[in-house]
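Chain naming here is simple, since letters A, B, ... match the order of the sequence lines and numbering starts at 1 in each.
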Amino acid sequence: MAMSPALYARRRRRNRVSIGLALAATAFGLLWLVLILAVLLWKGFGGLSLAVFTQMTPPPGSAGGLLNAIAGSLVMTVLAVAIGTPLGILAGTYMAEYGRYDRLTSVVRFINDILLSAPSIVIGLFIYEVMVARMGHFSGWAGAVALAVIVIPVVVRTTEDMLALVPDTLREAAASIGLPRSLMIRKVAYRTARAGMVTGVLLAVARISGETAPLLFTTLNNQFWSLNLNQPVASLPIVIFQFALSPYNDWQRLAWTGALIITFAVLALSIVARLLASQRKSS
Amino acid sequence: MADVALQGGAVVASKQTDRSQVLRRLQVHDAAFRGLTRAAAIAVLLILGGIIVSLIHGSWPALRTFGFSFFVTESWNPVTNRFGAVAPVYGTIVTSLIAMLIAVPVGLFIAMFLTELCPMWLRRPVGIAIELLAGIPSIIYGIWGLFVFAPFLQQHVQPAIIAAFGNIPVLSSLFAGPPYGIGILTAGLILAIMVLPFITSISRDVFEAVPAVLKEASYGLGCTTWEVMRHVVLPYTRVGVIGAVMLALGRALGETMAVTFVIGNAHRVAPSLFAPGTTISATIANEFTEAVGDLYTSSLIALGLILFVITFIVLAAARYMLLRLDARTGS
């Protein structure tokens, strides 16, 4: 059967168009990354100074920094990781070690994957209902717990995945010299999977350090220096939110600087996490 | 490792009684650790249960007062205490649809580029760069959208579109009105950029799972790259791609901060995509701390419940699709 030249030409044309579209789509995707980072540098870099890290958030019309917001964010992030990581690692351990073929494990995996993408504002509402409404006031603790709820599914997922990569021969070797299972897990499996589990925690930190929605009505905001977690605490994302939407020029400038700090911190974290993960794979 | 096992417990391991004591202790320890991990796994389920129960509990006053009319009322009036979910639900769905309309084809074409066209050394950097888009916090998309993207749309894009479609029946009402810059369309466009990395990275992964022999066989028959993609790779990975799209949709539906900045927070259903609107998450973010009165707060929580139910269904469907694909490829 002879192919007509017209058919060939049409197929080639179609192929060229699709390749062109694929190139354009990739350029389109990368363009946004470049645009966003460029605007952040352009608008935020000028505001970077020592004062940003040493002074409190100012009232409108005067100079100041972001110290209380940065400190509040750091404290809540650390607390959220401290609450969420152990729980997440234990749950991931059950799924990969004890209950690998359990029905419970498949249910937990399914639910965990849904929690992983659940809207963070709903988690804020949940913590508001459970903590803020009960205690009668906004508090740093509520914000830390809300962030912990976001940390847990990330850590569960990576812990399970990383423990699943540990070769069973290692487990069998440990069992054959009489090591009880709990010790085998802690002394053999955790050690082998450590790099991957650290990656999971780093990814979780990257995820929560920019989260704003769950903090809106749990920690609220605080214009002054306060690390009293029973009171509203300032946090970087909330300050950015508030300052960016304000009509004051110096507040907006601080918001851009804060945005620059958060973005580059988060991107650096996720690149480090990726490098750690890829090192593991190649070794 | 054996010393490790007996460490701490064994003072003198030679005596028979001590040995059995140590063993018993290890047994108890083992059972305790197992119980602890199991409890943690169950805690994950309890979190989800807690979210559902607390949302239902919080939204009960509103649902009891308004009943079914909550879902079909457009008005949202704190003064008269009359609340309805139509405008936020409409905004949520329309912005997410706009986002998917753009992000799905673009994301799939990027995945095609990464798996079929891109030179090997460039694959990782480009892949990571696209994934970094997912790492940028959503509040950054928000302020960027409000101060950079929306003014650009307002000055350069929207007037041109209004002029171009002004005389075409359906399109003229879809793209009508003064170019505010902020509005439903702007929110949809920003959501499209935000969910792009989810679609790209999952579809790239499922494209890479297509057995090379299938692709090689079709290239051997003389197929073009496009024909291999269209008639071999896409049919083979259809379930996974649908899973990726649903996952991205779940993200778009629940996205809060970026949308809050650029949607305009207007509680009405306007036919024009240029008009300001609102979404469920933006309404909650904007109004929750200022809500006065139980009914107002409760109505906002009821909106949260609706959002959670919608995203739960979408995400569950996404996971189900991806699980089915995993089962088939045996990974």
(request) Go through the atoms of B:V148 and report whether side chain, backbone, both or neither lie under 4.5 Å from a heavy atom of chain A. (result) side chain

(request) Can you tell which part of B:I140 gets under 4.5 Å to a heavy atom of chain A, answering side chain, backbone, both or neither? (result) side chain

(request) Can you tell which part of B:L305 gets under 4.5 Å to a heavy atom of chain A, answering side chain, backbone, both or neither? (result) neither

(request) Please state whether the side chain, the backbone, both or neither of B:L55 comes within less than 4.5 Å of a heavy atom of chain A. (result) side chain

(request) Identify which part of B:R230 has an atom lying under 4.5 Å from any heavy atom of chain A, answering side chain, backbone, both or neither. (result) neither

(request) Against chain B, label A:Q252 side chain, backbone, both or neither, depending on which of its atoms sit under 4.5 Å from a heavy atom there. (result) side chain

(request) Tell me, for B:I284 versus chain A, whether the close heavy atoms (under 4.5 Å) come from the side chain, the backbone, both or neither. (result) both

(message) Counting only non-hydrogen atoms closer than 4.5 Å, does B:L303 touch chain A with its backbone (N, CA, C, O), its side chain (CB onward), both, or neither?
(response) neither

(message) Can you tell me which portion of A:R186 sits under 4.5 Å from chain B's heavy atoms? Options are side chain, backbone, both or neither.
(response) side chain

(request) Let me know if A:I185 has heavy atoms under 4.5 Å from chain B in its side chain, its backbone, both or neither. (result) side chain

(request) Indicate the ring-plane relationship of B:W144 and A:W32, choosing parallel, tilted or perpendicular according to the 30° and 60° boundaries. (result) perpendicular

(request) Decide yes or no for B:E227 and A:N15: does some side-chain heavy atom of the first lie under 4.5 Å from some side-chain heavy atom of the second? (result) no

(request) Please look at B:T311 and chain A and tell me whether the side chain, the backbone, both or neither of the residue comes under 4.5 angstrom of a heavy atom of that chain. (result) side chain

(message) Please classify the contact between A:L203 and chain B as side chain, backbone, both or neither, with a heavy-atom cut-off of under 4.5 Å.
(response) neither

(message) Between B:D30 (side chain only) and A:P180 (backbone N and O only), is there a donor and an acceptor less than 3.5 Å apart?
(response) no

(request) State, with a plain yes or no, whether a side-chain heavy atom of A:Y98 is found less than 4.5 Å away from one of B:T37. (result) yes

(request) Would you please indicate yes or no on a ring centroid separation below 6.0 angstrom for B:F261 and A:F241? (result) yes

(request) Could you check if a side-chain atom of A:L183 sits within less than 4.5 angstrom of a side-chain atom of B:L26, using non-hydrogen atoms only? (result) yes

(request) Before accepting this row, confirm whether a basic side-chain N of the pair A:R274/B:E131 lies closer than 4.0 Å to the acidic partner's carboxylate O. (result) yes

(request) Could you tell me which portion of B:T256 (side chain, backbone, both or neither) has an atom closer than 4.5 angstrom to a non-hydrogen atom of chain A? (result) side chain

(request) Give, as side chain, backbone, both or neither, the part of B:L133 having an atom under 4.5 angstrom from any heavy atom of chain A. (result) both

(message) Report which part of B:I52 has an atom under 4.5 Å of a heavy atom belonging to chain A: side chain, backbone, both, or neither.
(response) neither

(message) What residues of residues 86-93 of chain A make heavy-atom contacts with chain B at a cutoff under 4.5 angstrom?
(response) A:L87, A:L90, A:A91, A:T93

(request) Can you tell which part of B:R251 gets under 4.5 Å to a heavy atom of chain A, answering side chain, backbone, both or neither? (result) side chain

